[in-house]
Undergrad: 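One structure follows; several queries about it will come next.
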Amino acid sequence: MGTSVQQALEQLKLTGVRMTPQRHAILTYLMDSLTHPTADEIYKSLSPNFPSMSVATIYNNLRLFVEAGLVRELTYGDDSSRFDADLTDHYHAICKSCGTIVDFDYPPLTEVERVASRETGFVVEGHRMEIYGLCEKCNKTSIQ
Ligand SMILES: [Zn+2]
Ligand SMILES: [Zn+2]
């Protein structure tokens, strides 16, 4: 796993972002969950403890974290963005039915980047690769 909450807080401080209880809660939630939540999901889970917090607040804070390089925004498909606090190299499997995103490890496809660069003359900066299908849960439901 990547950075700890403590490290993330230090990094935020360096970028001049003031830490508030809400920001702390959002960051902790993201780093503890492996589910790549949407702003909505974070809202549902945190709002009992922060009644004054809105989805917009959460979204703005997520933006801030993305800009500070603490969190990655995943924009797959046309659904709302999901957020990932695990910044290490990994790939995602995405369920076409429920939108769940699951991490999996696979060696970075650097060979593809090399070939692409050679054949196109591009200075390659990166690539995206996602696996699509049905998650275990949705697959079971569809069989019944
Ligand atoms: Zn699913
Ligand atoms: Zn991930």
Side-chain angles (χ1 to χ4, degrees), residues 1-50 53-142:
M1 278 296 284
T3 40
S4 69
V5 174
Q6 200 50 47
Q7 283 172 304
L9 294 179
E10 291 299 319
Q11 200 175 322
L12 264 191
K13 235 186 265 170
L14 290 177
T15 59
V17 174
R18 200 165 55 88
M19 190 43 61
T20 64
Q22 295 187 355
R23 282 185 186 148
H24 190 276
I26 296 169
L27 203 54
T28 307
Y29 180 87
L30 264 175
M31 300 192 117
D32 285 348
S33 74
L34 301 166
T35 56
H36 311 82
T38 61
D40 253 350
E41 286 165 359
I42 298 173
Y43 172 74
K44 273 180 203 129
S45 142
L46 296 184
S47 58
N49 293 322
F50 297 93
M53 189 160 57
S54 67
V55 183
T57 312
I58 291 180
Y59 202 75
N60 291 338
N61 280 308
L62 288 167
R63 272 276 128 74
L64 205 92
F65 296 155
V66 171
E67 272 161 36
L70 290 175
V71 168
R72 196 160 22 183
E73 183 174 4
L74 309 175
T75 49
Y76 299 137
D78 40 47
D79 280 315
S80 43
S81 292
R82 292 176 170 273
F83 296 87
D84 194 352
D86 183 355
L87 300 176
T88 60
D89 275 332
H90 63 275
Y91 290 108
H92 293 124
I94 300 153
C95 179
K96 291 178 91 171
S97 174
C98 70
T100 289
I101 299 180
V102 180
D103 292 334
F104 70 95
D105 282 317
Y106 191 82
L109 299 169
T110 46
E111 179 61 18
V112 173
E113 296 192 0
R114 258 196 306 274
V115 171
S117 172
R118 201 172 55 221
E119 293 193 8
T120 63
F122 271 48
V123 177
V124 173
E125 293 181 347
H127 69 272
R128 282 173 59 155
M129 198 275 285
E130 301 101 44
I131 299 297
Y132 294 92
L134 289 177
C135 73
E136 274 187 283
K137 226 169 96 189
C138 292
N139 188 39
K140 272 182 200 143
T141 323
S142 70

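Small disclaimer: the values here were computed from a predicted structure and weren't measured. Residue numbers start at 1 and run along the sequence shown.
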Undergrad: Which pair of heavy atoms, one from Ala8 and one from Met31, lies closest together, and at what distance?
TA: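 Taking every non-hydrogen atom into account, CB-CE, 3.9 Å.
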Undergrad: What's the separation between atom CG in Leu12 and atom CG in Leu64, rounded to the nearest 0.5 Å?
TA: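 These two atoms lie 7.0 Å from each other.
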Undergrad: Drop me the distance from Phe50's CZ to Ile58's CD1, to the nearest 0.5 angstrom.
TA: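 Nearest 0.5 Å value for the CZ-CD1 distance: 9.5 Å.
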Undergrad: For Thr35, which residues count as a side chain to side chain contact (heavy atoms under 4.5 Å, CB included) partner, sequence neighbours excluded?
TA: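 Scan of Thr35 (side chain to side chain contact (heavy atoms under 4.5 Å, CB included), adjacent residues dropped) gives Ser33, Pro37.
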Undergrad: With sequence neighbours left out, write down each residue that passes side chain to side chain contact (heavy atoms under 4.5 Å, CB included) with Glu73, or none if nothing qualifies.
TA: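 Result, side chain to side chain contact (heavy atoms under 4.5 Å, CB included) vs Glu73: Tyr59, Arg63, Val66, Thr75, Ser81, Phe83.
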Undergrad: Measure the CG-CZ distance between Leu30 and Arg82 for me, rounded to the nearest 0.5 Å.
TA: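 Reported value, rounded in 0.5 Å steps: 12.0 Å.
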Undergrad: To the nearest 0.5 Å, how far apart are CD1 in Ile101 and SG in Cys135?
TA: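 So the gap between those two atoms works out to 12.0 Å.
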Undergrad: Going from CD1 on Ile26 to CG on Leu46, what distance comes out if it is rounded to the nearest 0.5 angstrom?
TA: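 Here the interatomic distance stands at 6.5 Å.
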Undergrad: Using the side-chain hydrogen bond (donor to acceptor under 3.5 Å, both in side chains) criterion, which residues pair with Gln22? Sequence neighbours excluded.
TA: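 Applying side-chain hydrogen bond (donor to acceptor under 3.5 Å, both in side chains) to Gln22 gives none.
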Undergrad: Locate the shortest heavy-atom distance separating Ser45 from Tyr29; write the atom from each residue and the value.
TA: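 Closest approach of Ser45 to Tyr29: OG-CE1, 3.0 Å.
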Undergrad: Which residues pass the side-chain hydrogen bond (donor to acceptor under 3.5 Å, both in side chains) test with Ser54, not counting sequence neighbours?
TA: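 side-chain hydrogen bond (donor to acceptor under 3.5 Å, both in side chains) list for Ser54, sorted by chain: Thr57.
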Undergrad: Listed by chain and number, what are the side chain to side chain contact (heavy atoms under 4.5 Å, CB included) partners of Gln6, not counting sequence neighbours?
TA: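 Per chain and number, Gln6 pairs via side chain to side chain contact (heavy atoms under 4.5 Å, CB included) with Ser4, Leu9, Glu10.
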Undergrad: Name all pairs fulfilling the salt bridge (charged side-chain N to carboxylate O under 4.0 Å, His left out) condition that reach into residues 18-36, sequence neighbours left out, sorted by first residue then second.
TA: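 The answer is none; no pair qualifies.
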Undergrad: Among pairs that include at least one residue of residues 99-112, which meet side chain to side chain donor-acceptor pair (under 3.5 Å), considering only residues two or more places apart or in two chains?
TA: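 As it turns out, the side chain to side chain donor-acceptor pair (under 3.5 Å) pairs with a partner in residues 99-112, which skip direct neighbours, are His36-Asp103, His90-Asp103, His92-Asp103, Glu111-Arg114.
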Undergrad: Using the test side chain to side chain contact (heavy atoms under 4.5 Å, CB included), find all partners of Glu67 that sit at least two apart in sequence or belong to another chain.
TA: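 Partners of Glu67 by the side chain to side chain contact (heavy atoms under 4.5 Å, CB included) criterion come out as none, since no residue qualifies.
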Undergrad: Does anything in residues 115-124 pair up under side chain to side chain donor-acceptor pair (under 3.5 Å), and if so which pairs, sequence neighbours excluded?
TA: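 Every pair satisfying side chain to side chain donor-acceptor pair (under 3.5 Å) with a residue in residues 115-124: there are none.
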Undergrad: Walk me through whether Leu109 and Tyr91 qualify under side chain to side chain contact (heavy atoms under 4.5 Å, CB included).
TA: CA-CA 10 Å; Leu109 299 169; Tyr91 290 108; 3.4 Å; yes
Undergrad: To the nearest 0.5 Å, tell me how far Leu87 CG sits from Arg72 CZ.
TA: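 The distance works out to 6.0 Å.
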Undergrad: Quick one: do Ile94 and Leu74 satisfy side chain to side chain contact (heavy atoms under 4.5 Å, CB included)? Show the steps, please.
TA: CA-CA 11 Å; Ile94 300 153; Leu74 309 175; over 6 Å; no
